[in-house]
Amino acid sequence: MVPSQHFDKPGKSPFMDMQLVPKYADEGGSEAPGVRIDPATAQTLGLRTVVVRRGELASSLTATGTIDFNQRDVAIVQTRAGGFVQRVYARAPGDIIGAGAPLADLLVPEWGGAQAEFLAVRRAGNAALTQAARQRLMLLGMPAGTIASVERTGRPHNVITISTPTGGVIKTLDVRAGMTMTAGQTLAEVNGLGTVWLNAAVPEAIAGPLKPGQTVQATLAAFPGETISGRVAAILPETQADSRTLTVRIELPNRGGRLRPGMFATVSFGGATQPALLVPSEALIRTGKRTLVMLALDKGRYRPAEVQTGRESGDDTEILAGLNEGEKIVASGQFLIDSEASLSGLQARPIGGTTPAAAAKPAATAALYETVGKIEQITANTVTLSHEPVPAIGWPAMTMTFQLPDPKIARGLKTGDRVRFGFDQPPAGPTVRRMAKVAGQ
């Protein structure tokens, strides 16, 4: 209750009806700092420890989005010549129509004189003049089918039915009976429904691995239990300032026209697995300013350690710095130990720090910093890498040369390969301890 108050003999606490807990001299000294917990107490608290392991972490993330029209599948219906609308076909915005559906009948007066002239020249039998007259009809915007009908029947046809070139939904319709139309005037806009876009909002902090062409899986609230496969069509270049998200445009097939703009969907972005140092996500203590784990030391001692976390998939989280493979951490009950450590004033092991036991191990098992880079050059004992930032030690992205103590580390790798590597910083300079080609490269 009052951590600063100490007593020189056993007895009851003056602050509560409990016996004082003894503090022994051998709890300090040369041993590694930590909170000591009796094994029987640890069992009562349900403490469970796990070993920090190296494994494969699937590159996956989930986002939400909404269905929208495919703006690449749009048809604009316009008139080729000026005239008067004689008839409309009871269409309205929002109607779903097929390809070739009629929209309106248009009377084009100037076609009548041109067609009569064409028929007169044709009866004269002059092939050159007939071809010139036919060309004039085409230049007036007359469809080939109408010209063929005039030749076949020998009578002028100055009424044309304007139809849609593709099927889909009518987004706009600007034609009414009795209207006067000019050449090039828009009658309707039709959006196809064969495919739709799913615009997913992905936080900028985790959008780095995404790329166009990547396969995704989408589930919609309207069709529970059903998964629809699609692909990333584009990653829009602008970030939403209010939500700090990127818009990822996904193209989905729309069989039967079931997917309708405005529907809500959840998107799962899958990817290749990559090697990583893993701990259970439940073992992490997130304080808001830093992330801690509780190390399980020998002789029943426990100590907090600060870590740098990376990706998360399923129940596992990647550790970028702060832990070594093989160390033990507390996966259940760690919050109780962290409270005791805070009351005792115990400082967490900083990133890059090592316990005395770890310091006695070979350099190959020292704390490693991990990142991803591209091999620029390999020699017998060095490797030059263009690597991404290393936040654990404040390094920006740059190109530098690392020591390569064992040629076997680079076996099977070549210039241009993209690799994930771990390194430390002995007196000889930054040294690569492990290196593996990034899957899918």
Side-chain angles (χ1 to χ4, degrees), residues 68-197 233-234 249 251 253-257 261:
D68 193 7
F69 287 109
N70 185 345
Q71 299 298 331
R72 294 193 180 97
D73 188 8
V74 177
I76 303 297
V77 183
Q78 295 180 327
T79 60
R80 295 187 177 183
F84 308 98
V85 178
Q86 283 193 332
R87 176 189 177 188
V88 292
Y89 286 83
R91 308 294 185 189
D95 287 352
I96 298 177
I97 57 176
L103 295 177
D105 290 344
L106 187 66
L107 171 64
V108 186
E110 64 177 324
W111 283 4
Q115 291 174 359
E117 180 182 339
F118 167 72
L119 292 174
V121 172
R122 182 167 174 264
R123 284 193 296 269
N126 190 320
L129 292 178
T130 301
Q131 181 61 30
R134 181 184 290 107
Q135 183 68 21
R136 182 189 175 198
L137 297 183
M138 296 178 62
L139 294 176
L140 288 173
M142 197 175 302
T146 301
I147 298 174
S149 178
V150 171
E151 289 184 300
R152 184 176 63 256
T153 62
R155 296 194 306 271
H157 294 276
N158 56 357
V159 176
I160 180 175
T161 299
I162 300 177
S163 56
T164 60
T166 61
V169 59
I170 300 177
K171 296 189 69 176
T172 62
L173 183 64
D174 299 321
V175 58
R176 296 293 182 268
M179 288 181 61
T180 300
M181 309 295 294
T182 60
Q185 185 172 341
T186 299
L187 276 69
E189 179 181 342
V190 180
N191 210 131
L193 295 174
T195 59
V196 293
W197 284 347
R249 180 178 293 163
E251 189 171 298
N254 189 19
R255 299 180 182 87

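- In this structure, OG1 in Thr146 is found 5.0 Å from CD1 in Ile160, a value given to the nearest 0.5 Å.
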- Working for side-chain hydrogen bond (donor to acceptor under 3.5 Å, both in side chains), residues Thr195 and Asn254: CA-CA 5 Å; Thr195 59; Asn254 189 19; over 6 Å; no
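- In this structure, the side chains of Phe84 and Pro109 come closer than 4.5 Å at one or more pairs of heavy atoms.
- Under the 4.5 Å side-chain criterion, counting only non-hydrogen atoms from C-beta, Leu106 is in contact with Val85.
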- Task: Determine, step by step, whether Thr180 and Thr182 satisfy the side-chain contact (heavy atoms from CB on, under 4.5 Å) criterion, reporting the C-alpha distance in whole Å, the side-chain angles of both residues, the deciding distance to 0.1 Å, and the verdict.
- Result: CA-CA 7 Å; Thr180 300; Thr182 60; 5.6 Å; no
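- Taken to the nearest 0.5 Å, the CG atom of Asp174 stands 11.0 Å off from the CD atom of Gln78.
- Nearest heavy-atom pair across Leu140 and Ala114 is CD1-CB, 3.5 Å.
- Side-chain contact between Pro165 and Val77: present, with at least one pair of heavy atoms (C-beta onward) separated by less than 4.5 Å.
- Side chain of Thr130 to backbone of Asn126: a donor-acceptor contact under 3.5 angstrom is found.
- The CE atom of Met179 sits 14.5 Å away from the CD atom of Gln86 when rounded to the nearest 0.5 Å.
- Of all non-hydrogen atoms in Gly98 and Thr164, the two that sit nearest each other are O-OG1, 3.3 Å.
- With sequence neighbours left out, the side chain to side chain donor-acceptor pair (under 3.5 Å) criterion links Thr172 to no other residue.
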- Task: Any chance you could lay out the side-chain contact (heavy atoms from CB on, under 4.5 Å) test for Leu137 and Trp111, step after step, and finish with the verdict?
- Result: CA-CA 8 Å; Leu137 297 183; Trp111 283 4; over 6 Å; no
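- The side-chain contact (heavy atoms from CB on, under 4.5 Å) test with Leu139 is passed by exactly one of Gln135, Arg136, Met142: Gln135.
- Counting heavy atoms from C-beta outward, Phe69 and Val74 have side chains that stay 4.5 Å or more apart.
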- Item | Residues Leu119, Gln115; criterion side-chain contact (heavy atoms from CB on, under 4.5 Å); working and verdict | CA-CA 6 Å; Leu119 292 174; Gln115 291 174 359; 5.5 Å; no
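- Counting heavy atoms from C-beta outward, Val196 and Asn70 have side chains that stay 4.5 Å or more apart.
- Between the side chain of Asn191 and the backbone N or O of Gln71, no donor-acceptor pair lies under 3.5 Å.
- Atom CD of Glu251 is separated from atom CZ of Arg72 by 7.0 Å, given to the nearest 0.5 angstrom.
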